[in-house]
Structures are given as structure tokens and as C-alpha cells.
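I'd like to ask some things about the structure below.
One-based numbering, in listed order, for ligands and for the atoms of each.
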Amino acid sequence: MKKLLAASAAAVLAGCTVTSGPDMGTRVTAGSPVVKITPLGSHDGEFCPFDRALVFEDPDGTRILYDPGRTVRGPDDPRLGRIDAVLLSHVHGDHLGDLIQPSANAGACPKPDFSVNVTPNSNFVNISMGKNAPMIVGGEMHTFFQAKVRALNGDPNKLVRLLRFGAQTMVGKVMVASVPAVHANGVPPAFLPKAQADALAAAGLTAYVGPPGGFVLRFSNGLTAYLSGDTGITAEQDLVVRGHYKANMVVMNIGGFPFTTGPDEAAYVVNDMVRPNSVIASHANEPATVNGQLSPNSRTAAFRKAVVRAPVHVPLSGRTMEFDGGGRCIAGC
Ligand SMILES: [Zn+2]
């Protein structure tokens, strides 16, 4: 309560109107531009095993979709609204999108119904083309996607934007930078034409498209978000993401064995390397919630406990969180 009063007093001093209630937390309703972040998961109000997709909305109205994966139900998913750019960390099926749900909330959170096959095009390409929103990709993924767009009679120059490590591009007033991720990035055969797919599958190989990546997004209110992608611990999280970009918010993969950082490693990245003011857990590979409540024995709960220097927010599908320029969630968390 003391904390809440102090926050309210600070906000009033800063010229904002603050309301609070038992379920709302503290809400700054005027005078401070916010970035809205909405998770698009498989089940409304929950955080489910394949949830990765987030929509970021800058105060200027720019809307950016990150890693649509399997849980965005194609370009006509009513949750998308207008989309100005689509970011992809890497080409694995749970990010590029090999399968999607036939309808909202299909299946159960622990085992969503992904019975609609969208290969070889991918959910990512279908959404980019359906929304006429450029893809932003690193490595050597651009030529792979340009070929897909060309085959679907789209304009590859307009729809595919290359962004390699160190470079940045603007989408509206949002700066998008590419940062390293340490992971794999082979195109699964299902996304390739049949003859190539069969040959590669028979040899147990994927197709090369360069390294995977993560992103840093700097919004017009100052919020600077690090999107880890799928990665292990890597020195750039300290030297580049914190040192250069000064990220004040993190979307962190916590999936663990055998693919990426688990709760302990992800907590180290947050506590000792990036040092943000808040965190959104991502890619938990588990049904982390039941009826919107975090399961106490979940990987996500272990991560939340291990992060000592910032609040960890659970991305409940469809629930919009609002962040100020300092990287703090001020509503919806
Ligand atoms: Zn993944």
C-alpha cells in the first residue's frame, strides 16, 4: 500500500492521473505515452506451450508483430488489426508457423489443436502478404522469403527487408535493430518445394539460411525492448543489448532443455547482463497457467522467482500490457 501511494504521488507530481483498484494495479491515464504489448497465444487469458507471438503498438500507432508461430490464426485473425511489419527471429516451425489452429481456443492449453497445415508458405509469409506488411529478417533468410513472395505473385522488394547484426531500420517511429542469438536456423524440409524437401528429409538435413537472431526495439516513448529469440547465454546480451542499446525491458525465452536458456540461465541474463526494469516471460514450452493463474510448479514460476531485480510479467493471451518509456509496466500486468 505504501508503495502504491508513493507511486501515485510520484505520478501526480509528474502531471499524470492515477487510478487504482484491486485488479488494475496502478494506471497512469494521461500525460505519458505508453507502448501496448498484446500476446497472441493459443488460448485466451492463458500462457500456453507454443505461445510466442506478440503485437507491439507504439504511441504513434505503429503496430509490429513478432514471431507469429502457430498461435496467430493466419492474416485474418481478428486479433491482428493493422500490422506495419512482421519480425522473425528464425525459421523453426514454432516461430515461422507450420501449423495453426482451425478456430479460436481450439484444443486445450496443454495441447492446442494445430490441425491446419500452412506449409510450405508458412504463417509468417501468409500474414505478411495478407497484411501487406514487410517482413524484417536477418542472416540469409531474405532470399528464401523473397523467393516465396515471388512464387505467390507478391513484390519481394517491398515485402522483404534484410536486417543483419549491427544494423537498424525504422518502422514508423520504432527503431528495429538486429542482435545476435545463439541457436540453430535450418529451414525444416516442410517449408521447401517437394523435390528438395524429400531429398533433405531423407538425408536428415535442413536448409541453410544463415544465423538466427534477436531484436531490440526502441519505441518513441523511450521503451527499449530486447526480444531474445531462441538463444543461449551470449556475451552480446551484456556488451550489446545492455551496453550499447541500454534495453530497459526484456522478452525472454525460458524454454530450457534441450533448445535454449531455461529459467536459471534466463534469470542470469536478466539479473546480471541486461538488467532491465521489467521482463515478459516467453516460449515456456509448458501450460504455465490455469484459469489465468500461474501454476506454482511451472517453469515460468521458477523463472519469476529467480529474477531478483525486476518484475516478471506473464503474457496472458489477449491481455494488453502497457509500458512506459522507462520499461515499466503501468497497466495490464
Ligand atoms: Zn522456438
Heavy atoms of other groups near Asn117 CG, more than 12 under 6.0 Å: yes
Set of residues satisfying side-chain contact (heavy atoms from CB on, under 4.5 Å) with respect to Ile233, sequence neighbours excluded: Gln237, Thr261, Glu265, Tyr268, Val269, Met273
Polar protein atoms (N, O or S) that approach the Zn ion (ligand 1) to under 2.8 Å: Asp94 OD2, His95 NE2, Asp230 OD2, His283 NE2
Short N-O contact, Asp94 and Arg70, less than 4.0 angstrom: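 Looking at Arg70 together with Asp94, the answer is no, because their closest N to O distance does not fall below 4.0 Å.
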Phe145 ring center within less than 6.0 Å of Phe124 ring center: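 Judged by ring-centre distance (under 6.0 Å), Phe124 and Phe145 do meet the cut-off.
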With Gln101 via side-chain contact (heavy atoms from CB on, under 4.5 Å) - residues at least two apart: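 With neighbours one apart ignored, the set is Ser42, His43, Arg73, Ala106, Pro112, Phe114.
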Contact list for residues 303-316, test salt bridge (charged side-chain N to carboxylate O under 4.0 Å, His left out), sequence neighbours left out: none
